[in-house]
Amino acid sequence: MTSPVVADLLARSNRLGADPRTTNYAGGNTSAKGTATDPVTGGDVELVWVKGSGGDLGTLTERGLAVLRLDRLRALVDVYPGREREDEMVAAFDYCLHGRGGAAPSIDTAMHALVDAAHVDHLHPDSGIAVATAAGGESLTREIFGDRVAWVPWRRPGFQLGLDIARIRRDNPRAIGCVLGGHGITAWGETSDECEARSLEIIRTAEAFIAARTETLLAQGHHPFGARRPGYEPLPEAERRARAAVLAPVIRGLVSRDARQVGHFTDSDDVLELLSREKLAALAGLGTSCPDHFLRTKVRPLVLDLPAGAPLEEVVARLGELHEAYRAEYRAYYERHAGPGTPPMRGADPAVVLIAGVGMFSFGKDEQTARVAGEFYVNAIHVMRGAEALSSYSPIAEAEKFRIEYWALEEAKLRRMPPPRPLATRVALVTGAGSGIGRAIARRLAEEGACVAVADINLEAAERVAAEIGGRDVAVAVRGDVTAEDDVAALVAATSLAFGGVDLVVNNAGLSISKPLLETTTADWDLQHDVMARGSFLVSREAARAMVAQGLGGDIVYIASKNSLFAGPNNIAYSAAKADQAHQVRVLAAELGAHGIRVNGINPDAVVRGSGIFAGGWGAQRAAVYGVEESELGAYYAGRTLLGREVLPEHVAAAVVALTGPDLSQTTGLHVPVDSGVAAAFLR
């Protein structure tokens, strides 16, 4: 049963974490001290519950808390070996844990344990970091807060910082908290409510002070980010998003030099405002300051130095030049600060790319990481704006950023992460994914780590499947008619805007009308060829454009059919369209191989259960052809196969994963039968 102390801590944490003005995603930590029964002695033991390493305040649960004995934590003061060896103290926290389970203690555990208050909040609010990174931050803190908030000069998170803040608390009895230079804020209280109220007081007071300073500047005709640069204003929304969709695969290809990345696009007003102002290059060059920020965004972004309306070809060429320069500068940064024990350089590509008039592209190992990197840079924009309104933005020194970016503790955290799933960092577009085989493929690709655009002419069906798969970081729903060129271009553009590009396309959209030759109309013929032959061609063409622009290779998979080879009755239009698809596989495999794009096909048969085609009347028509009840059609098909087994949508999805995963990376131009064995449809 959750204790009242823990329940209050979790409620406070969730409230604080739910407000982006209070702290960033997975940033900051909260704690509470109290007593519990020691199961060994039966007596009371003093404990501290603190948000564990890597957790998020907004979604924190009891499992996300580290639970430690307060007496043992405080005894570490007597064995602390000094700042040069303070990383060793994190390992010592493990010897202070109470019971089994719980989260790993974070680097900030000492701050929470050593401060003499029952409740402590350490947060990263934009307004607090603005004060912390403004030139003259110490005097500004006195001006804004008087003696209610103390100033702590920059110190890397760790045991010494905990000792510093504990001393500040002792020496300033009127203080309700402190501003941590270059970093954030800490507040304390004797009750959970008091601690939360004090955190909010610090944040809101700083917000109000910055707002007043900003208003004064604007009234005087000045802007914190400087004057607007003619030609760098935001493009109209439709135009900038169209340009972003074209640029996204290009940029993703550039920033995936060391490791493939997933992308995220942001064109919020805050971003576009900074990109249009004269201080952009100078502020971006200074980089972010709060450790949570630059660990996600890298030391600084890549900034395109061309106006918004520059020709696309010029933009692409300049991005290539700037990317090479960025990599050289990052390597020089690493070599300036690396020592004998520094971990190897993790990669020299930027995590954030800024394009004036268009917006911000952010990247990471998955969509959540890419999205959060973008959110953190927006936080940094707010910080820069506030600091420039107060005085000038003055983040922590580059050497200090390097110490944290290549901290041994950060390296250990990265090594503890589970290995990536087979399709991690891959972006998939599946057509006809609102039901049946397409739904099963979309779900399975996501399970294997891919980000998935669920495309269907029925948007509601696509939205249901996307919701089943997971949130926006995993799947998005896109409406599109594969027979219409504009719709197909919009499908690929939407996928690129959602995830940075496209790597894996499954041409699954289809339908079937079962009629004898003499009853088949030209409308029947045209409809089936438009959806499957023309539709697959259009989707493959648009996807290949994005893949070639990325330069990362890719996969195109056609869900053809056993009927592309097998001559069945009353099926001329469907079978001919599927034969067209089957030959597209061979032709495109030959053409696109030079770009590292593999093209393969899958030939299913008789996927009755869960099939949108069979449910739409095709099942009744085929059952009539074979003289069986529609409810028995699956069993009938299974009975005529070599294995005697019914084929399900999940079997087709498994074949897609096999063809696009790492094990068949040298295979292209192949058709894989998924039909339980139909001898008449053998390929050889």
Side-chain angles (χ1 to χ4, degrees), residues 5-6 9-10 12-13 16-17 23 26-36 45-57 60-83 85-124 152 155-170 177-178 180 183-189 192 195 199 290-292 295 404 407-413 416:
V5 172
V6 172
L9 171 61
L10 293 174
R12 174 174 106 237
S13 302
L16 292 171
T23 200
N29 28 66
T30 51
S31 68
K33 301 180 182 75
T35 59
V45 58
E46 283 191 285
L47 302 176
V48 59
W49 292 266
V50 59
K51 191 206 83 171
S53 178
D56 173 52
L57 288 176
L60 186 65
T61 65
E62 191 165 0
R63 292 179 59 186
L65 296 172
V67 188
L68 305 101
R69 285 185 51 151
L70 203 51
D71 58 341
R72 295 181 68 83
L73 278 170
R74 287 174 171 167
L76 293 177
V77 173
D78 299 327
V79 296
Y80 174 50
R83 283 179 291 175
R85 293 173 53 197
E86 72 169 276
D87 287 358
E88 299 171 22
M89 301 304 288
V90 175
F93 293 158
D94 289 343
Y95 295 94
C96 304
L97 293 170
H98 176 74
R100 300 176 62 184
S106 80
I107 188 65
D108 289 316
T109 297
M111 177 196 307
H112 292 272
L114 301 180
V115 169
D116 186 18
H119 299 265
V120 178
D121 293 336
H122 169 58
L123 304 170
H124 299 152
V152 180
R155 189 180 298 284
R156 186 175 56 157
F159 202 85
Q160 185 61 53
L161 180 60
L163 290 170
D164 291 348
I165 297 176
R167 176 182 52 77
I168 289 283
R169 160 72 167 149
R170 286 194 305 271
C178 54
L180 284 61
H183 186 164
I185 70 165
T186 296
W188 44 75
S192 184
C195 186
S199 292
C290 175
D292 264 16
L295 283 173
I404 291 179
W407 206 352
L409 297 176
E410 184 66 22
E411 185 72 11
K413 184 190 295 185
R416 288 196 302 269

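The residues of the chain are indexed from 1 along the displayed sequence.
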Look at the side chain of K33 and the backbone N and O of L70, then say whether any donor-acceptor pair between them is shorter than 3.5 Å.
->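 A pair under 3.5 Å: no.
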Within the side chain of R72, is there an N or O that forms a donor-acceptor pair under 3.5 Å with the backbone of Y95?
->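 Yes; at least one donor-acceptor contact below 3.5 Å.
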Rounded to the nearest 0.5 Å, what's the gap from CD1 on I168 to CG on L163? Could you check?
->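 Those atoms lie 12.0 Å apart.
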Could you state the interatomic distance from CG (L10) to NZ (K51), rounded to the nearest 0.5 Å?
->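 It is 12.5 Å, given to the nearest 0.5 Å.
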Between F159 and T109, does a side chain to side chain contact (heavy atoms under 4.5 Å, CB included) hold up when you go through it step by step?
-> CA-CA 8 Å; F159 202 85; T109 297; over 6 Å; no
Answer yes or no: is there a side-chain heavy-atom contact under 4.5 Å between [X] and [Y]?
{"X": "M111", "Y": "L180", "result": "yes"}
{"X": "W188", "Y": "C178", "result": "yes"}
{"X": "L16", "Y": "D121", "result": "yes"}
{"X": "L114", "Y": "V77", "result": "yes"}
{"X": "L60", "Y": "L65", "result": "yes"}
{"X": "D71", "Y": "E46", "result": "no"}
{"X": "T35", "Y": "V5", "result": "no"}
{"X": "V120", "Y": "T186", "result": "yes"}

Greater than 12 external heavy atoms within 6.0 Å of R155's CZ =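 Yes, CZ of R155 has more than 12 neighbouring heavy atoms, counting only those of other groups under 6.0 Å.
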More than 12 heavy atoms of other residues, nucleotides or ligands under 6.0 Å from CD of Q160: is that the case?
->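 Atom CD in Q160 is packed in, count exceeds 12.
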For the pair L295 and I404, evaluate side chain to side chain contact (heavy atoms under 4.5 Å, CB included) and give the outcome as yes or no after the intermediate values.
-> CA-CA 8 Å; L295 283 173; I404 291 179; 4.1 Å; yes
Compare every heavy atom of [Y] with every heavy atom of [X], then report the nearest pair and how far apart it is.
{"X": "A103", "Y": "A66", "result": "O-CB, 3.4 Å"}
{"X": "C195", "Y": "A187", "result": "SG-O, 3.8 Å"}
{"X": "L47", "Y": "A36", "result": "CD1-CB, 3.6 Å"}
{"X": "D108", "Y": "P157", "result": "OD1-CB, 3.8 Å"}
{"X": "S106", "Y": "G52", "result": "CB-C, 4.2 Å"}

Please step through side chain to side chain contact (heavy atoms under 4.5 Å, CB included) for the pair I107 and L161, ending with a clear verdict.
-> CA-CA 10 Å; I107 188 65; L161 180 60; over 6 Å; no
May I ask you to check whether W407 and D87 show a side-chain donor-acceptor distance below 3.5 Å?
->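 Their side chains do contain a donor-acceptor pair, which is all the 3.5 Å distance test asks for.
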Side chains of R12 and H119: do they bring a donor and an acceptor to under 3.5 Å?
->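 Indeed, the side chains of R12 and H119 share at least one donor-acceptor pair under 3.5 Å.
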Should the ring pair H124 and H183 be called parallel, tilted or perpendicular, given that the plane angle runs from 0 to 90° and is split at 30 and 60?
->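 Answer is tilted, since the angle falls between 30° and 60°.
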With S31 via side-chain hydrogen bond (donor to acceptor under 3.5 Å, both in side chains) - residues at least two apart |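 With neighbours one apart ignored, the set is H112.
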Taking only residues two or more places apart in sequence or in another chain, which ones pass side-chain hydrogen bond (donor to acceptor under 3.5 Å, both in side chains) with S13?
->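 side-chain hydrogen bond (donor to acceptor under 3.5 Å, both in side chains) check on S13 returns T30.
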Is the closest basic N to carboxylate O distance between E86 and R83 below 4.0 Å?
->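 No, this pair does not count.
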State plainly whether the residues R170 and D116 are in salt-bridge range, i.e. N to O under 4.0 Å.
->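 Not counted as a salt bridge, because no side-chain N and carboxylate O are separated by less than 4.0 Å.
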Please walk me through it: do C96 and L76 pass side chain to side chain contact (heavy atoms under 4.5 Å, CB included)?
-> CA-CA 9 Å; C96 304; L76 293 177; 4.0 Å; yes
Member of V50, L73, V48, L68 meeting the side-chain contact (heavy atoms from CB on, under 4.5 Å) criterion with P105 |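 Testing P105 for a side-chain contact (heavy atoms from CB on, under 4.5 Å) against V50, L73, V48, L68 leaves exactly one candidate, L68.
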